[in-house]
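Notes to accompany the following structure.
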2 protein chains.
Amino acid sequence: MKPPERHLPGQCQVANDVISLVGDKWSVLVVSTLGSGTLRFSEIKRAVEGISQKMLTTTLRGLERDGYLTRTVYPTVPPRVEYKLTPLGIELLGPVSALGNWAIANHARVLAARRAYDERAE
Amino acid sequence: MKPPERHLPGQCQVANDVISLVGDKWSVLVVSTLGSGTLRFSEIKRAVEGISQKMLTTTLRGLERDGYLTRTVYPTVPPRVEYKLTPLGIELLGPVSALGNWAIANHARVLAARRAYDERAE
DNA sequence: CAGTATCCCGCATGATACTG
DNA sequence: CAGTATCATGCGGGATACTG
């Protein structure tokens, strides 16, 4: 006779598995960047300011593994590798953008709260 | 004559400032837990399985500072401290839940993508 | 060009103990 | 009960150098 689970623990873990990607700063930026179309490795690196080569590689591999983007290698010299969102990646862009827009819209409120809190603490 | 910025870099940073909270596993779980109402410290600790006392304190302080919840101390013996979402915290629950639901709905696709990727790599 | 391979450091987090 | 304080540590992530 357990009470009904409020947060559906199993599903919470499931959700976290996907959401944790959103917490990854670089993943969000890379997915957003690819929202405008197919890009090469170096183009992404230029677009996502501040990312190191290592982190970009790691991030792209993770996103590819989870099915959010495809990686296409053209065996030319020098090599050319293109990255593109999959339908799944494009779908992900929806809720992520919604959250991003909420963040932008409410950032001032958060900043104000922080100032008030810090001031109160002196 | 710069071309128009595609990702509005300034706003990206702004968004990240808020979104990074979502990446924090504990913050999401705590906010979700408080979605059902006011709770005491020990009640949250019991509800959020696996969280240490230290991390719960840290998480709650951060959420309070950002204005997502209020902390009310009742000077009784023993002490009683209650946490409750602010209107801002309740609003945050919206886009976060949307993302969570997307995550739950599409988790199988991500798992399938991972299996395929790992299998391909052997 | 698009990576891999190392080295290394700092911080986030866990465990434990103590307290008003 | 609701915290702080302290110590220990693992690894995320940067810098650098090398390669097909």
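Each chain gets a letter, A, B and so on, in the order the sequences are listed, and its residues count up from 1.
- Taking the salt bridge (Lys or Arg N to Asp or Glu O under 4.0 Å) definition, one finds that A:E43 meets it with nothing, sequence neighbours left out.
- In this structure a side-chain-to-backbone donor-acceptor pair under 3.5 Å is missing from B:T33 to B:I44.
- Here salt bridge (Lys or Arg N to Asp or Glu O under 4.0 Å) pairs that include residues 97-107 of chain B, with residues two or more places apart or in two chains, number zero.
- With sequence neighbours left out, A:L111 forms a side chain to side chain contact (heavy atoms under 4.5 Å, CB included) with A:H107, A:R114, A:R115, B:D17.
- Scored by the side chain to side chain contact (heavy atoms under 4.5 Å, CB included) test, A:V77 finds no partners at all (sequence neighbours excluded).
- Between B:R40 and D:dA2, a side-chain N or O to OP1/OP2 separation shorter than 4.0 Å is present.
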Counting only pairs under 3.5 Å, give me each side-chain donor-acceptor contact of residues 87-97 of chain B, with atom names and distances, residues two or more places apart or in other chains.
residue, atom, partner, partner atom, Å
B:E91, OE1, A:R109, NH1, 3.1
B:E91, OE2, A:R109, NH1, 3.3
B:E91, OE2, A:R109, NH2, 3.2
B:S97, OG, B:L93, O, 2.6

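- Across the protein-nucleic acid pair, A:Y83 atom OH and C:dG3 atom C1' stand 8 Å apart, rounded to whole Å.
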Pair up each side-chain donor or acceptor in residues 50-57 of chain B with any protein partner under 3.5 Å, not counting sequence neighbours, and list the distances.
residue, atom, partner, partner atom, Å
B:S52, OG, B:M55, N, 3.2
B:T57, OG1, B:Q53, O, 3.1

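- We find that CG of B:L56 is positioned 14 Å from P of D:dC1, with the value rounded to whole Å.
- Scanning residues 57-77 of chain B for heavy-atom distances under 4.0 Å to DNA chain C yields an empty list.
- Here B:R61 pairs with nothing under the side-chain hydrogen bond (donor to acceptor under 3.5 Å, both in side chains) rule; sequence neighbours left out.
- Atom-to-atom, CZ of B:R80 to P of D:dA2 comes out at 8 Å; the value is rounded to the nearest Å.
- Checked against side chain to side chain contact (heavy atoms under 4.5 Å, CB included), A:S42 has the following partners two or more places apart in sequence or in another chain: A:R40, A:R46.
- Legend: residues meeting side-chain hydrogen bond (donor to acceptor under 3.5 Å, both in side chains) with B:S27, ordered by chain and number and at least two apart, are B:D24.
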*Going 5' to 3' through nucleotides 13-18 of chain D, assign each nucleotide B (protein heavy atom under 4.0 Å from a base atom), S (under 4.0 Å only from sugar-phosphate atoms) or - (no protein heavy atom that close).*
BBB---
*Where does DNA chain D pair, written as one dot-bracket string 5' to 3', with Watson-Crick or G-U pairs under 3.5 Å, ( ) inside the strand, [ ] for crossing pairs and | for another strand?*
||||||||||||||||||||
